[in-house]
Amino acid sequence: VQLQASGGGLVQAGGSLRLSCAASGRTLSRYFMAWFRQAPGKEREFVAAFSWSGGTTYYRNSVKGRFTMSRDHAENTVSLQMNSLRSEDTAIYYCAASERRLIASLVNDDLRYDYWGQGTLVTVSS
């Protein structure tokens, strides 16, 4: 499956952005989906994840209550609604897919994901 992330941009602190991850080649119905991000000079970190087929949505603590991950079956896309953005949210955001149904303790491990989009840059100005 090929993943294409979009929706990044420049936004002021407190603002909102909506990222999308479009998939081609295969339906996402069999995948575990996630968003990761990488800030300048830092390692890539987990943001959110869920199984396309349903169940728990997992978030890193710092984005809980501000970010919402969702799916659109008809469009075969995954989205990340980001509200109340902070300067520390500035990063390149990547969508990823795993062919495995991951358990909670593994969802934040980027090595568990098989496919990656190219990333979209989010810049939050303070």
Side-chain angles (χ1 to χ4, degrees):
V1 63
Q2 293 80 44
L3 304 175
Q4 179 79 28
S6 62
L10 174 63
V11 63
Q12 289 188 333
S16 298
L17 279 176
R18 186 177 182 86
L19 306 183
S20 291
C21 178
S24 60
R26 283 185 179 178
T27 176
L28 292 175
S29 61
R30 57 179 287 181
Y31 293 102
F32 200 93
M33 303 299 299
W35 288 95
F36 285 78
R37 67 187 182 186
Q38 187 168 20
K42 295 187 177 181
E43 292 187 353
R44 186 161 56 190
E45 64 183 19
F46 168 78
V47 177
F50 61 38
S51 172
W52 181 265
S53 59
T56 303
T57 302
Y58 304 91
Y59 296 98
R60 72 177 297 108
N61 286 337
S62 63
V63 307
K64 285 181 180 178
R66 300 189 298 123
F67 290 13
T68 303
M69 185 175 178
S70 61
R71 61 182 66 74
D72 185 320
H73 292 273
E75 296 294 327
N76 207 34
T77 60
V78 172
S79 296
L80 186 68
Q81 177 66 41
M82 306 186 296
N83 299 327
S84 303
L85 283 161
R86 306 168 180 168
S87 57
E88 54 263 39
D89 295 318
T90 294
I92 298 174
Y93 283 71
Y94 300 90
C95 59
S98 174
E99 294 185 338
R100 308 163 190 82
R101 187 173 181 90
L102 301 177
I103 59 175
S105 60
L106 297 178
V107 300
N108 62 348
D109 182 355
D110 59 359
L111 295 178
R112 305 290 175 173
Y113 293 86
D114 307 293
Y115 307 97
W116 292 84
Q118 87 290 357
T120 185
L121 176 63
V122 172
T123 304
V124 184
S125 62
S126 56

- Task: Could you list the residues that satisfy side-chain hydrogen bond (donor to acceptor under 3.5 Å, both in side chains) with Asp72, not counting sequence neighbours?
- Result: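 None.
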Where at least one partner belongs to [range], residue pairs that pass salt bridge (Lys or Arg N to Asp or Glu O under 4.0 Å), sequence neighbours excluded:
{"range": "residues 48-59", "value": "none"}
{"range": "residues 49-64", "value": "Glu45-Arg60"}
{"range": "residues 93-108", "value": "Arg26-Glu99, Arg100-Asp114"}
{"range": "residues 1-10", "value": "none"}

Can you name the closest pair of heavy atoms from [X] and [Y] and give their distance?
{"X": "Arg71", "Y": "Ser51", "value": "NH2-O, 2.8 Å"}
{"X": "Arg37", "Y": "Ala91", "value": "CB-CB, 3.8 Å"}
{"X": "Ala23", "Y": "Leu3", "value": "CB-CD2, 3.9 Å"}
{"X": "Ser79", "Y": "Ser20", "value": "OG-OG, 3.7 Å"}
{"X": "Ser16", "Y": "Asn83", "value": "OG-OD1, 2.9 Å"}

Any donor-acceptor pair under 3.5 Å from [X] side chain to [Y] backbone:
{"X": "Glu43", "Y": "Gln38", "answer": "no"}
{"X": "Asn76", "Y": "Ala22", "answer": "no"}
{"X": "Thr90", "Y": "Val124", "answer": "yes"}
{"X": "Tyr58", "Y": "Asn108", "answer": "no"}
{"X": "Arg66", "Y": "Ser84", "answer": "yes"}

- Check the pair Ile92, Thr120 against side-chain contact (heavy atoms from CB on, under 4.5 Å), reporting the backbone distance first and the verdict last. CA-CA 5 Å; Ile92 298 174; Thr120 185; over 6 Å; no
- Query: How far apart are the C-alpha atoms of Asp89 and Arg86, what are their side-chain angles, what is the distance that settles it, and do they pass the salt bridge (charged side-chain N to carboxylate O under 4.0 Å, His left out) test?
  - Reply: CA-CA 5 Å; Asp89 295 318; Arg86 306 168 180 168; 5.3 Å; no
Sequence neighbours excluded - disulfide (SG to SG under 2.5 Å) pairs with any residue from [range]:
{"range": "residues 64-126", "result": "Cys21-Cys95"}
{"range": "residues 52-89", "result": "none"}
{"range": "residues 34-84", "result": "none"}

[X] with [Y], same ILVMFWY side-chain cluster at under 4.5 Å:
{"X": "Met69", "Y": "Met82", "result": "yes"}
{"X": "Leu102", "Y": "Val1", "result": "no"}
{"X": "Val78", "Y": "Phe46", "result": "no"}
{"X": "Val107", "Y": "Trp35", "result": "no"}
{"X": "Tyr31", "Y": "Leu19", "result": "yes"}

- Applying ring-ring contact (aromatic ring centres under 6.0 Å, His included) to Phe50 and not counting sequence neighbours gives none
- Query: Which residues satisfy the ring-ring contact (aromatic ring centres under 6.0 Å, His included) test with Tyr93, sequence neighbours excluded?
  - Reply: none
Once rounded to the nearest 0.5 Å, what's the spacing between atom [atom1] of [X] and atom [atom2] of [Y]?
{"X": "Leu85", "Y": "Ser125", "atom1": "CG", "atom2": "OG", "result": "10.0 Å"}
{"X": "Gln81", "Y": "Ser70", "atom1": "CD", "atom2": "OG", "result": "8.0 Å"}
{"X": "Ser53", "Y": "Arg30", "atom1": "OG", "atom2": "CZ", "result": "12.0 Å"}
{"X": "Met33", "Y": "Leu80", "atom1": "CE", "atom2": "CG", "result": "11.5 Å"}
{"X": "Ser98", "Y": "Asp109", "atom1": "OG", "atom2": "CG", "result": "9.5 Å"}
{"X": "Tyr113", "Y": "Asp110", "atom1": "OH", "atom2": "CG", "result": "9.0 Å"}

- Is it true that Phe36 and Tyr94 have ring centroids separated by less than 6.0 Å? no
- Note on the structure: ring pair (Phe, Tyr, Trp, His ring centres under 6.0 Å) pairs touching residues 62-84, sequence neighbours excluded, are Trp52-His73
- Query: Who else is in the cluster with Leu10 when I, L, V, M, F, W and Y are joined by side-chain contacts under 4.5 Å?
  - Reply: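 Leu10 clusters with nothing; isolated.
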- Please assess Leu17 against Val122 for the test side-chain contact (heavy atoms from CB on, under 4.5 Å), listing each intermediate value before the final yes or no. CA-CA 8 Å; Leu17 279 176; Val122 172; 3.8 Å; yes
- Message: I'd like to know whether CZ of Arg112 has more than 12 heavy-atom contacts from other residues, nucleotides or ligands below 6.0 angstrom.
- Response: no
